Amino acid sequence: MDKLVKAGKPLTTQPTMSLAELMQDYSTEDACKRLLMEMRWPDGVTCPHCSSDWVIKNGRDDTEPHRQRYECRGCRQRFDDLTDTIFAGHHQPLRTWIACLYLMGLNLSGLQIAAELDINKDDARAMIQQLRQGIVDRRPPVVLEGEVECDEVYVVAGHKGHPEAVKKNADRRDGDA
């Protein structure tokens with residue numbers, strides 16, 4: 001996992017592993033699921049609803065048997081591996097999402113990504129939008145500290161396209177001074 005995601009690096013850096021390594025390390029759904037689990041729950045499974053770690057396994061998904069179901073003993077809510085993630089409710093396999101994220105890091109266009117992943121361009125566009133939104137949602141808020149300086153700006157509003165009105169107001173101000 002540490003080859004794919006480097007903590008503390010800007011989101012715009014190039015991927016730290018080659019495409020061949022990506023395909024070798026994350027070619028199966030199980031490998032992709034392990035990556036997701038390590039990133040989402042590094043200290044063990046916790047409930048996405050109440051953050052309790054008092055969770056038990058509760059069978060597997062009927063349509064996707066590799067997805068584990070859980071039940072929280074704290075709030076009695078049920079959830080699975082993808083609950084409250086950008087991957088929930090989508091039909092593309094996790095390996096396609098991870099490959100899409102990798103190709104986004106290479107700065108490929110949506111059409112190029114669709115061609116590389118052999119998926120519909122609309123699906124690729126939706127995946128790219130979801131991944132971008134997920135990245136934006138997880139960015140920490142900007143907090144200004146210490147002394148913050150701003151330059152002075154004088155803005156004349158309401159006279160767009162009418163320079164004579166701006167000149168008239170400027171002359172009027174100069175006469176008042």
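None of the values given here were measured: they were computed from a predicted structure. Side chains included, hydrogens not; waters and symmetry mates left out as well; all remaining heavy atoms used.
Take E116 and apply the salt bridge (Lys or Arg N to Asp or Glu O under 4.0 Å) test, not counting sequence neighbours, and it matches no residue. The side-chain contact (heavy atoms from CB on, under 4.5 Å) search around D53 returns T46, not counting sequence neighbours. Residues satisfying the side-chain contact (heavy atoms from CB on, under 4.5 Å) criterion with D122, sequence neighbours excluded, are N120, R125. Applying the side-chain contact (heavy atoms from CB on, under 4.5 Å) rule to S52 yields the partners C50, W54, C72; only residues at least two apart in sequence or on another chain are considered. Every salt bridge (Lys or Arg N to Asp or Glu O under 4.0 Å) that R76 has, sequence neighbours left out, goes to E71. Every residue was checked against the side chain to side chain donor-acceptor pair (under 3.5 Å) condition with T96, not counting sequence neighbours, and none meets it. Contacts of L131 classified as side-chain contact (heavy atoms from CB on, under 4.5 Å), with partners at least two apart in sequence or in another chain: I86, F87, W97, C100, L101, M104. Q133 meets the side chain to side chain donor-acceptor pair (under 3.5 Å) test with D137; sequence neighbours excluded. Applying the salt bridge (Lys or Arg N to Asp or Glu O under 4.0 Å) test to D123 and every residue at least two apart in sequence or in another chain returns nothing.
How far CG of L117 is from CG of L103: 5.5 Å, rounded to the nearest 0.5 Å. Remark: Y26 OH to R34 CZ distance equals 9.0 Å, nearest 0.5 Å. Rounded to the nearest 0.5 Å, atoms CG (L82) and CG (L94) are 5.5 Å apart. L108 CG to I128 CD1: the interatomic distance, rounded to the nearest 0.5 Å, is 9.0 Å.
Minimum interatomic distance between G110 and A124 (heavy atoms only, all atoms of both residues): O-CB, 3.9 Å. Of all heavy-atom pairs spanning L22 and A99, the tightest one is CD2-CA, 4.0 Å. Shown here for S109 and Q112, the closest heavy-atom pair between the two residues is N-OE1, 2.8 Å.
Here W41 sits in one hydrophobic cluster together with M37, V45, V55, Y70, F79; the rule is ILVMFWY side chains under 4.5 Å apart, joined directly or through other members.
Summarising the local packing, CZ of R60 is surrounded by more than 12 heavy atoms from other residues, nucleotides or ligands at distances under 6.0 Å.
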Considering only distance and modelled atom types, tabulate donor-acceptor pairs under 3.5 Å from the side chains of residues 142-150, sequence neighbours left out.
none

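Y102 and L111 are members of different hydrophobic clusters when ILVMFWY side chains are connected at heavy-atom separations under 4.5 Å.
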D80 vs Q68, test: side-chain contact (heavy atoms from CB on, under 4.5 Å). Steps then yes/no.
CA-CA 6 Å; D80 66 20; Q68 178 69 55; over 6 Å; no

Take Q92 and I119 through the side-chain contact (heavy atoms from CB on, under 4.5 Å) test and state the conclusion after the steps.
CA-CA 9 Å; Q92 296 293 347; I119 59 176; 4.0 Å; yes

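Listed by first then second residue, pairs satisfying salt bridge (Lys or Arg N to Asp or Glu O under 4.0 Å) with a partner in residues 90-99 read E29-R95, not counting sequence neighbours.
With hydrogens and angles ignored, the 3.5 Å screen pairs a side-chain donor or acceptor of R40 with a backbone N or O of D81.
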